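Accompanying notes for the structure given below.
Quick caveat, the model's predicted, so the values are computed rather than measured. Counting starts at 1 for both ligands and their atoms, in listed order.
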Amino acid sequence: MRGAALSVEAMTESMFLNLPVQLPNKLINSLQNIPGFDEEAFRKAHESVEQVTSIRINPAKKFKIQKLQSKIPWSELGYYLDTRPSFTFDPLFHAGCYYVQEASSMFLEQAVKQIVDLSEPLKILDLSAAPGGKTTHIQSLISKNSLLVSNEVIRARANILKDNIIKWGCENVFVTNNDPADFSQLENYFDVVVVDAPCSGSGLFRKDADAIAEWSLNNVQLCSQRQQRILADVLPCLKKDGLLIYSTCSYSSEEDEDVVDWMTAELPLKNLRLAVEENWGVVEVKTPAQNHCYRFWPYMLKGEGFFSACFSKTEGGIQPAIKPKRNIEPASKKEMSIICNRIKDEGFQLLKFAETFYALPEKLVAELNLLQQYLRIIYCGVETGQVMKEKLVPAHALALSNLPNADVERTELNYEQAIQFLQKKELPITLFKKGWQIATHKNFGLGWVNALANRVNNYYPKELRILKDI
Ligand code: SAM
């Protein structure tokens, strides 16, 4: 990966042939009075074949950018890359060392850092979280004692979210698959709620030209109504004085400023202003109701179209004391001793669901017992594996996490071997030590191999394997 220095061997992708984008006239007409809109610059930005590529690094993996790359001004973890590499063929991408994310949307970091005390144990809900850009970002900002509930209503997308959470290797996230209204039962529960709303998507036209064909003024209206429904449904679960972050990747004021003014008129919310440095190129907008919002125009900064606004909740009592009706089964002493041979067990509890064990920070066990009564939790903590014949058959997630202890064998793979491993091909290697071992590349875990007397079995999950050949 030239320029990026994420992995020297990864290739530069050559398929990036952008065709100039045909913008809908109805969109252009509807943007004329919006602060910061410049039709000529807007059209030019959409005609340009230049791609802005950015990544956000995973501090939990202690991954460092080797070559000097330019920083994204509003995020300490975000970097622009000089070229767009083939992430598919970078083992460190699969090891969760970084997340490929559009730069403007990393602005969320400012809202969280400026308004919340991140040293506190917080309960955060990311309501529309798939594929996981904002969720992995939030996870990197919060303390270990905090809980992040990462939700996605569409089941197939919730599974992608879960895979990205596993790759990120974190312990304090619950992935849920619920409708926004399901959260209203958890009155005054969360300190922060993020609504990165489903929208008409005009802000991403440069990255996804197919979205243009689906764009219509009618869809903008439908999105606006849906956004209001989602916000009204989810608000009861936010505490009094809690932070609500609203964002879209739409340029349309019907989904942005109009929704913001509806929020402060109809819901118990007070708008919050953020400090934004002038040289960032972010446009601060004041709505007709004097609310402050932040707009990202692609010709004013290196990033795509994005909109964000922050609020604190002005009403709400204390959280009703709810006692879980049943607790999730903990591992038995024997199962604990088998699993704890392999993991750093301080501060974790092992819980059993359907014969599979999950390691969860002790402080989050009570939250899990409570939340499982109301929510469809599809993943939590770190899946550690199953106990069979008094041995741990380790789960993929364990290899991607920081939980395995020093007694777990590790096998370092060179670049070619790492790609073969990720393609779930047979590995032409001989290992002196037998048994389960973490396959690593540059010391970052990729998955498990099991070395037998005459071969090495590749346990990379079939559904995650790289399908292409280099
Ligand atoms: N936050 C994500 C990230 O940073 O990677 C992107 C979220 S995307 C803008 C909006 C998400 O809302 C999609 O994953 C979509 O499936 C979900 N969604 C669709 N309809 C929804 C609804 N009625 N309520 C809540 N979320 C919905």
Side-chain angles (χ1 to χ4, degrees), residues 54-56 58 72 74-75 77-78 87 96 98-112 124-141 148-168 170 173 175-184 190 192-205 207-208 211 214-215 219-238 244-252 255-256 259 296 303-309 375-376 378:
S54 48
I55 60 160
R56 183 171 39 72
N58 185 351
I72 295 173
W74 44 87
S75 167
L77 302 167
F87 295 113
Y98 60 91
Y99 191 97
V100 183
Q101 190 182 17
E102 193 284 298
S104 303
S105 50
M106 296 185 206
F107 184 68
L108 168 92
E109 184 172 323
Q110 289 303 318
V112 175
I124 302 185
L125 169 63
D126 184 2
L127 184 71
S128 307
K134 305 217 176 36
T135 268
T136 51
H137 195 176
I138 297 165
Q139 198 282 327
S140 298
L141 301 171
L148 172 58
V149 176
S150 189
N151 180 68
E152 169 57 45
V153 66
I154 298 173
R155 180 64 206 231
R157 289 178 63 81
N159 285 335
I160 296 169
L161 174 65
K162 173 184 140 186
D163 289 341
N164 281 329
I165 289 294
I166 289 175
K167 210 154 91 169
W168 208 240
C170 43
V173 180
V175 180
T176 59
N177 173 217
N178 283 87
D179 191 88
D182 298 338
F183 289 91
S184 63
F190 290 101
V192 179
V193 171
V194 177
V195 179
D196 187 31
C199 68
S200 60
S202 47
L204 296 182
F205 279 176
K207 292 219 173 240
D208 176 14
E214 285 161 35
W215 188 93
N219 192 32
V220 167
Q221 285 301 343
L222 290 175
C223 286
S224 175
Q225 286 157 14
R226 181 168 58 178
Q227 286 146 1
Q228 293 170 30
R229 249 190 342 261
I230 291 172
L231 288 159
D233 281 347
V234 79
L235 196 63
C237 79
L238 182 64
L244 175 70
I245 303 173
Y246 176 71
S247 58
T248 75
C249 56
S250 163
Y251 293 114
S252 299
E255 300 175 72
D256 297 341
V259 172
F296 291 67
E304 303 309 309
F306 185 65
F307 173 90
S308 185
L375 303 175
R376 195 180 304 130
I378 63 166

- Query: Near ligand 1, which residues have a heavy atom under 4.0 Å away from one of its atoms?
  - Reply: Ser128, Ala129, Ala130, Pro131, Gly132, Gly133, Lys134, Glu152, Val153, Ile154, Arg157, Pro180, Asp196, Ala197, Pro198, Arg226, Ile230
- Message: With no hydrogens and no angle check, just 3.5 Å: does a side-chain donor-acceptor pair link Asn164 and Thr136?
- Response: no
- Task: Could I get the full list of side-chain contact (heavy atoms from CB on, under 4.5 Å) partners for Leu204, not counting sequence neighbours?
- Result: Glu102, Cys249, Glu304
- Can a salt bridge be assigned to the pair Lys134 and Asp196 using a cut-off of 4.0 Å between side-chain N and carboxylate O? yes
- Task: Could you tell me whether Phe296 and Phe107 have their ring centroids closer than 6.0 angstrom?
- Result: yes
- Item | Heavy-atom donor-acceptor pair, Trp74 side chain to Ala103 backbone, under 3.5 Å | yes
- Exercise: identify the closest heavy-atom pair between Arg376 and Asn178: N-OD1, 2.8 Å
